[in-house]
Amino acid sequence: MSTGAVMYDLVCRYAALGNHRTGTPADDATRDLVAAALERRGAAVERVPYTFDRFEATASVVADGARVPCLPLYYSGTGSFSTDAPFVASLEMFRGVAAVDLRERRHDARDVGAEIAVLATGRGEGPVVAENVVPEVDDGPVTVLVAGSDAERVAAGPTSAEVSAQLVAGRSETVVARLGPVGEDPVVVTTPLTGWFTCAGERATGIAVALEVVSDLAVGGLPVLFVGTTGHELEHLGVRHWLTASEVAPRAVLHCGASLAAGAVTDGVCELSDLRLAMSNVDDDSLRPLARALSPVGLTTVPGPGDWIGEGEQWRRFAVPLLSCTGGFDRFHTPDDVPEAVTAPEALEAVRAAVIEAARVLVDADIPGP
């Protein structure tokens, strides 16, 4: 099998584990899958546990007598609720991947005293789109998301909704692995492992690329530290726990984040998304070769932005060269993020080669002085 085919097989096995929400059996199975892949590469693997309050909920929405598929907005409230008059609205979506006005619509529901808010993620089209959340129960009202394609039906009604939600004891782990020589500051290669649905493009493509990068750097004689984080969808919960407790002193950090080799597949060919980018804090002399390495696979390199997207934000605390690749695509945060629709072996292989070239630049890069 080609390297791209091997990577695609990993993407498929990851997606087949189910919805990758933190603290669930799919999360446990994912960490086992990644740890086994690292051990086959000769890595010494450690699992660093943490605990949290996990949100657990069931919900139903019925419109004009028919059940509407829905997703509770995590941490939007706890308790049992039922109403024949929920607050109903449609959210404005940015490129179909993120709600622009979620907070405002929930404030509207709170202002009218609604027990339950039913919010469509779009205005007339598209699947339900999950939203990353802070893992703390907020001021409500308890909220349920439905697909944009169901927006008109829910708005026309009659619509009823029920939600039962609670916090339970949750546990997850950060997967940490060392490869290559010891005794030197390592190159950190990090990637999130969890998300809302099967996450083939969103998460698995980054995992597949990260595993190839750590192998390449270690074979090249560099000390490498792989950090596989959970809790990404919960405001980067896992990486924040791990960084607080660890004493790592990296030489450089490469973050293989969301949608790294994801896009839209037509007739087996993947057109990579134009919503992907690479952020870096390196100086101009290093930024230019980084950009040359990544541009052939559609990753636009952005120099040292004020606000970083994704878990790259958590790694900025180290004053070392940092490259953070992240972004979205048409099926991002939806149940439609399945392997055959979002990536392909050739796309994975092309991104692998580009990111490895960029990683080799990164380890010898400089950052601007004070």
Side-chain angles (χ1 to χ4, degrees), residues 1-20 26 29-30 33-34 36-38 40-41 95-97 126-127 129-130 189 191-216 228 232 254-278 291-301 310 323-359:
M1 291 174 66
S2 67
T3 303
V6 171
M7 297 169 72
Y8 186 75
D9 178 69
L10 177 71
V11 170
C12 292
R13 286 187 288 131
Y14 173 94
L17 296 176
N19 293 337
H20 292 274
T30 298
L33 175 72
V34 172
L38 289 160
R40 287 194 297 272
R41 289 164 167 78
R95 293 283 299 270
V97 304
V129 181
V189 178
T191 190
L193 307 180
T194 59
W196 292 112
F197 297 106
T198 53
C199 301
E202 180 194 356
R203 295 272 76 96
T205 61
I207 294 168
V209 171
L211 290 171
E212 295 297 322
V213 173
V214 296
S215 294
D216 181 86
H232 173 84
L254 169 63
H255 170 238
C256 295
S259 317
L260 189 52
V265 176
T266 303
D267 296 330
V269 177
C270 178
E271 181 178 351
L272 291 165
S273 171
D274 64 354
L275 289 174
R276 299 149 49 252
L277 53 84
R292 283 196 298 271
L294 297 173
S295 63
V297 292
L299 279 162
T300 301
T301 305
L323 175 63
S324 178
C325 304
T326 189
F329 58 104
D330 286 347
R331 298 169 189 257
F332 184 71
H333 278 198
T334 76
D336 298 341
D337 183 4
V338 294
E340 63 273 17
V342 300
T343 195
E346 293 78 10
L348 286 159
E349 168 58 25
V351 174
R352 179 200 71 86
V355 175
I356 284 176
E357 183 179 347

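Because the structure is a prediction, the values reported are computed rather than measured.
- Nearest heavy atom pair, residue Ser259 against residue Gly328, reads OG-CA, 3.5 Å.
- Summarising the local packing, CG of Asp216 is surrounded by more than 12 heavy atoms from other residues, nucleotides or ligands at distances under 6.0 Å.
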Discussion item. Please determine whether side chain to side chain contact (heavy atoms under 4.5 Å, CB included) holds for the pair Val355 and Leu254, giving the CA-CA distance in whole Å, both sets of side-chain angles, and the decisive distance to 0.1 Å.
Written reply: CA-CA 9 Å; Val355 175; Leu254 169 63; 3.9 Å; yes
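- Judged purely by distance below 3.5 Å, without hydrogens or angles, the side chains of Ser215 and Arg41 pair a donor atom with an acceptor atom.
- Atoms CG and CG, from Leu277 and Leu299 in turn, are 7.5 Å apart once rounded to the nearest 0.5 Å.
- Here the CZ-CG distance, from Phe329 to Asp337, works out to 3.5 Å after rounding to the nearest 0.5 Å.
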Fill in: Stepwise side chain to side chain contact (heavy atoms under 4.5 Å, CB included) test for His333 and Val97
CA-CA 7 Å; His333 278 198; Val97 304; over 6 Å; no
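- Of all heavy-atom pairs spanning Gly96 and Val129, the tightest one is O-CG2, 3.6 Å.
- Taking every heavy atom of both residues into account, Phe197 and Ala130 meet most closely at CE1-CB, 3.9 Å.
- Contact of the Arg13 side chain with the Leu10 side chain is registered, since non-hydrogen atoms from C-beta on lie closer than 4.5 Å.
- One finds the CD1 atom of Ile207 at 7.5 Å from the NE2 atom of His20 (value rounded to the nearest 0.5 Å).
- Closest approach of Leu272 to Val297, counting heavy atoms only: CD1-O, 3.6 Å.
- Counting heavy atoms from C-beta outward, Val34 and Thr191 have side chains that stay 4.5 Å or more apart.
- Considering only heavy atoms from C-beta on, Arg203 stays 4.5 Å or farther from Thr194 through its side chain.
- Between atom OH of residue Tyr14 and atom OG1 of residue Thr205 there is a gap of 9.5 Å, rounded to the nearest 0.5 Å.
- Of all heavy-atom pairs between Ala26 and Asn19, the closest is CB-O, 3.1 Å.
- Separation of atoms CG (Leu17) and SG (Cys199) is listed at 11.0 Å; rounding is to 0.5 Å.
- In plain terms, the two heavy atoms of Val11 and Ala200 that are nearest each other are CG1-O, 3.7 Å.
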Quiz: residues 338-349 side-chain donor-acceptor pairs under 3.5 angstrom, not counting sequence neighbours:
| residue | atom | partner | partner atom | Å |
| --- | --- | --- | --- | --- |
| Thr343 | OG1 | Ala261 | O | 2.7 |
| Glu349 | OE1 | Arg352 | NE | 2.9 |
| Glu349 | OE2 | Arg352 | NH2 | 2.8 |

Discussion item. Show, in sequence, the C-alpha distance, side-chain angles and deciding distance for Asp274 and Arg95, and conclude whether the side chain to side chain contact (heavy atoms under 4.5 Å, CB included) test is met.
Written reply: CA-CA 11 Å; Asp274 64 354; Arg95 293 283 299 270; 2.8 Å; yes
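- Here the OG1-CD distance, from Thr326 to Glu202, works out to 8.5 Å after rounding to the nearest 0.5 Å.
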